[in-house]
There are 2 protein chains.
Amino acid sequence: MVRDGYSGLTYEAVAKAAGTARAVLYRRWPQRHLLLEAALRRFWAPIEVPDTGSLRADAITLLERINDERADLIAVLGAKLADYYRDTGATLTELRDKIGMAGREAPFDAVLARALDRGELRHPPAAPRIASLPLDLLRHEMMMRSGRTTVDVIVEIVDLIWLPLLNASPHPTSGSASGIAIARQRG
Amino acid sequence: MVRDGYSGLTYEAVAKAAGTARAVLYRRWPQRHLLLEAALRRFWAPIEVPDTGSLRADAITLLERINDERADLIAVLGAKLADYYRDTGATLTELRDKIGMAGREAPFDAVLARALDRGELRHPPAAPRIASLPLDLLRHEMMMRSGRTTVDVIVEIVDLIWLPLLNASPHPTSGSASGIAIARQRG
DNA sequence: GTTTTTAGATACACCTGTGTCTCTTAAGGA
DNA sequence: TCCTTAAGAGACACAGGTGTATCTAAAAAC
């Protein structure tokens, strides 16, 4: 229903795509955001986290799956929902949390945990933002391109950014090799 | 004109905000994307790149300026333009390049160049994606939050991600400290 | 089996933006 | 000054979505 509506996250389009009448939608989801959340929950199937035995392959495979399965919806989210949620005062982050099945583990956490178990990583990431970095970058890419990105980009994110970073800074408070000051001096 | 239209990147709203008639807009910008590009060029003032003497402060200051000056417009871009440009087959990246005053240097390039001159960095970033990483992450954050982000986030992007990464991997082809395989096996 | 609930289908008035056309008025150039 | 060009204002039919109301037919509950 979301899939082909595309520029149609409207009661009208949803009703047509769902093969039902607008009145039915209004009865069940009187407010727009309820309708959209329900529609998204319907299509936001969980993505299987790969377990290949290597952090790099896990990461690349996972990003590829997300790229394949979420690109269309992300394009719609970025475009159509953002302004509605902005008017409501809510954000896409909140929407993501809402339909993202609160409590479910972030996909890259599992990948990282296994890498630590195998000894492939010596230390866990210094902050949640690092764990979610590849997904954030992929999402950014999908939003900017309004759809799928290429495998090249995914490989670059993993090989040039994520893996080097994971192996770089053990702790946010201890300086890295070059002695840059890492501290929260600003609030 | 873009500023208060907000949910109004329409001929109608632009005309009203500009205090003119719709017909005038149609005459000068017969196609919507021409109108939007012109409107954006009007408000997309260049951002002054700071020169504080330190890479870290430069980066944080620059991100803060972008955060302050672009947040509103980014929110609109992400929301309203994405779907129009998607329908056209174009992307936000292309739009950014178009209004981003082609040929103008990416803001973080100047910051990096100075850091290299000072000897603060030993090697240039291994790829353009690394140079643009903080801006990409900030943009992602602004899109997801439909507006400004906080200083904390900016500091995290710089201290936890960008600086450690810049000091980590000299070359995409030589392994880093932990010997992860960095190669483009897929493509 | 009867009653209650719900789905599905119209129909309605309404609003907002679209793209085009016309007319008048104000400026600018020669 | 005259003449050309564009600005500004308004009208137009039209398309699409909105939110509500009403009706019938099909399920579900009892």
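Lettering follows sequence order; numbering is per chain, from 1.
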Round to a whole Å and report the spacing from [atom1] of [X] to [atom2] of [N].
| X | N | atom1 | atom2 | value |
| --- | --- | --- | --- | --- |
| B/Lys16 | C/dT18 | NZ | P | 12 Å |
| A/Tyr11 | D/dG19 | OH | P | 7 Å |
| A/Glu12 | C/dG17 | CD | P | 18 Å |
| A/Gln31 | D/dT18 | CD | P | 14 Å |
| B/Leu35 | C/dG17 | CG | P | 14 Å |

Strictly below 4.0 Å: does [X] bring a side-chain N or O up to OP1 or OP2 of [N]?
| X | N | answer |
| --- | --- | --- |
| A/Thr20 | C/dG8 | yes |
| B/Tyr26 | C/dG19 | yes |
| B/Arg22 | D/dA9 | no |

Under 3.5 Å donor-acceptor pair, A/Arg27 side-chain atoms to C/dG8 base atoms: yes
Shortest non-hydrogen separation from B/Glu64 to B/Val151 and the atoms involved: OE2-CG1, 3.5 Å
Proximal nucleotide (of D/dA9, C/dT10, D/dG19) relative to the A/Ala23 side chain: C/dT10
Candidate nucleotides D/dG19, D/dA6, C/dG17, ranked by approach to the side chain of B/Arg28 - the nearest: D/dA6
Sidechain-backbone polar pair: B/Thr10 side chain, B/Ala13 backbone, donor-acceptor under 3.5 Å: yes
Expected output: side-chain A/Glu141 to main-chain A/Thr149 donor-acceptor under 3.5 Å: no
Distance-only polar pair, side chains of A/Thr52 and A/Asp58, donor-acceptor under 3.5 Å: yes
